[in-house]
2 protein chains.
Amino acid sequence: MNEKNIPAIVISRLPKYLITLEKLHNQEIEKTSSNELGALLDITPAQIRKDLSFFGGFGKKGSGYSIPNLIHVIRDILNLDIVWDVAIVGAGKIGQGLALYEGFLNRGFSIKVLFDNDPNKIGQRVGVHQIYDIRNLQVIIQDLNIKVALVAVPQAHAQKVADQLVQAGIKAILNYTPVYLTSPNSDVVILQIDPILQLQNMTYYLK
Amino acid sequence: MNEKNIPAIVISRLPKYLITLEKLHNQEIEKTSSNELGALLDITPAQIRKDLSFFGGFGKKGSGYSIPNLIHVIRDILNLDIVWDVAIVGAGKIGQGLALYEGFLNRGFSIKVLFDNDPNKIGQRVGVHQIYDIRNLQVIIQDLNIKVALVAVPQAHAQKVADQLVQAGIKAILNYTPVYLTSPNSDVVILQIDPILQLQNMTYYLK
DNA sequence: TTGTGTGAATTCCTTCACAGCG
DNA sequence: CGCTGTGAAGGAATTCACACAA
């Protein structure tokens with residue numbers, strides 16, 4: 001299904017379609033159209049149809065898309081048919097905030113462990129999660145076979161942590177520090193969440 | 001200088017150039033080239049030169065760009081010649097984490113106020129910041145003439161808060177909730193930071 | 001010689017417009 | 001009819017390649 005080389009920009013829109021479809025689904029709506037979806041997302045209907053057509057024809061001519069089916073299909077494309085276990089590195093405010101956030105599970109992710117290097121934090125709980133010693137990071141991640149990690153440590157430690165994660169077999173890193181992380185391993189996906197990059201982008205349009 | 005209609009994608013790269021230039025600057029490096037910058041950012045040199053040429057010719061043929069000058073120019077383009085005051089709405093873990101983060105100031109932003117609706121939190125301090133009653137949001141934001149806000153409230157309240165912010169004169173909102181915020185006012189810039197959208201994007205490339 | 005700035009070429013992405021199916 | 005799926009057209013963004021200035 002996702003054999004061909006799908007443009008990254010197409011993939012990046014699928015999660016947006018998904019969250020909107022799930023919202024409609026929660027309202028017990030069963031069908032939608034590229035028109036309706038486009039209006040909700042501020043994306044042209046043609047764009048949505050073309051994006052979906054990369055993967056097959058999921059709609060019915062004249063009547064649109066079955067929402068449950070389209071949710072299923074998109075989750076499948078994005079490999080969200082399974083729940084991904086997640087490790088959080090750094091139990092500061094951001095790390096703890098992420099650990100306590102309850103929105104992960106029904107969108108395909110389950111927080112499994114939380115690491116810190118502060119002896120006062122190690123062993124403590126954050127919600128249902130225990131904080132583990134970062135020195136055990138590699139062993140635990142390998143044992144639990146975790147592939148996805150969030151990095152929320154002080155920026156000075158970010159690259160070192162990333163290296164350890166990659167060595168432990170992590171394949172996707174979401175980086176909350178303002179450091180460009182690199183991996184020698186080219187099959188690791190790294191994305192950055194730097195709020196200041198976004199703010200600096202917005203200020204261009206002000207004034 | 002930024003009169004013409006510059007593609008948004010060009011603007012979105014300028015903060016990345018800036019953070020890299022600042023990093024070089026901290027290492028006391030005075031000059032760089034589109035080649036060097038491109039290697040650091042994984043962007044082609046031609047792309048960088050073309051982006052910068054939208055705003056003028058800032059390099060010297062044969063020798064490249066003066067880093068202090070280019071930093072100055074980009075900050076100027078992005079309206080970062082002034083420091084923007086910022087309000088944070090929501091003093092949960094994420095809001096507090098943002099409030100305590102010390103990286104804002106030297107990148108052009110200064111956290112000025114923090115709001116919450118929890119009586120137990122109102123009046124407390126988070127670092128140097130005091131938590132204010134969200135009922136005073138509009139008055140305080142107007143009085144302080146704040147234009148930039150971070151929203152880190154539970155998602156059920158996100159749109160209501162955004163409406164209040166817009167009414168108080170906020171022009172840029174960085175939204176940490178997984179809700180698509182809208183503004184009747186089209187001169188308000190809203191960007192979303194939803195970690196799950198990013199994670200769902202990454203899982204496509206796994207397995 | 002080096003590395004910018006930029007038209008031209010190319011590649012990529014979006015939108016159009018409509019045949020065709022339900 | 002209504003709405004999808006899709007070739008073809010159009011538009012945007014990236015890359016090429018080179019004249020030119022330091």
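The shown structure was predicted, so the numbers you read here are calculated from the model rather than taken from an experiment.
At least one side-chain nitrogen or oxygen of A:Tyr65 sits closer than 4.0 Å to the OP1 or OP2 atom of D:dG5. At C:dT4, one or more side-chain N or O atoms of B:Ser34 fall inside 4.0 Å of OP1 or OP2 (strictly under the cut-off).
Here C:dC13 presents its C1' atom at 9 Å from CZ of A:Phe54, a figure rounded to the nearest Å. Whole-Å rounding puts the B:Asp42 CG to D:dT15 P distance at 11 Å. When rounded to the nearest whole Å, the span between CG of A:Asn5 and C1' of C:dC13 equals 15 Å. If you measure from atom CG of A:Leu37 to atom P of D:dG5, you get 13 Å, rounded to the nearest angstrom. In this entry the distance linking CG of A:Leu52 with P of D:dT4 reads 10 Å, nearest Å. Note: OH (B:Tyr17) to P (C:dT4) measures 12 Å, nearest angstrom. At whole-Å resolution of the value, CD1 in A:Ile48 and P in D:dC3 are 14 Å apart. As rounded to whole Å, 14 Å separates atom P of D:dG7 from atom CZ of A:Arg49.
Heavy atoms only, all atoms of each residue included: B:Gly92 and B:Asp116 are closest at N-OD2, 4.0 Å. The two residues B:Tyr101 and A:Pro178 have their closest heavy-atom pair at OH-CG, 3.2 Å. When all heavy atoms of B:Ile134 and B:Val89 are compared, the closest pair comes out as CD1-CG1, 3.6 Å. Considering all non-hydrogen atoms of both residues, B:Ala91 and B:Ile131 come closest at CB-CD1, 3.7 Å.
Using cut-offs of 30° and 60° on the angle between ring planes, the pair A:Phe104 and A:Phe109 is perpendicular. Between B:Phe115 and B:Tyr132, the two ring planes are tilted [angle within 30° to 60°].
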Give me, pair by pair, the N or O atoms of the protein and of nucleotides 12-14 of chain D that are less than 3.5 Å apart, along with how far apart they are.
from	atom 1	to	atom 2	distance (Å)
D:dT14	OP1	B:Arg13	NH1	3.0
D:dT14	OP2	B:Arg13	NH1	3.4
D:dT14	OP2	B:Arg13	NH2	2.9
D:dT14	OP2	B:Gln47	NE2	3.0

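With the nearest nucleotide of DNA chain D identified for both A:Gly62 and B:Lys60, A:Gly62 has the one nearer the 5' end. Along DNA chain D, the nucleotide nearest to A:Ser63 and the one nearest to A:Ser53 differ in position, and the one closer to the 5' end is contacted by A:Ser63.
Comparing D:dT15, C:dT4, D:dG5 against the side chain of A:Lys61 picks out D:dG5 as the nearest.
B:Asp81 and A:Lys207 are not joined by a salt bridge, as no carboxylate oxygen comes within less than 4.0 angstrom of a charged side-chain nitrogen.
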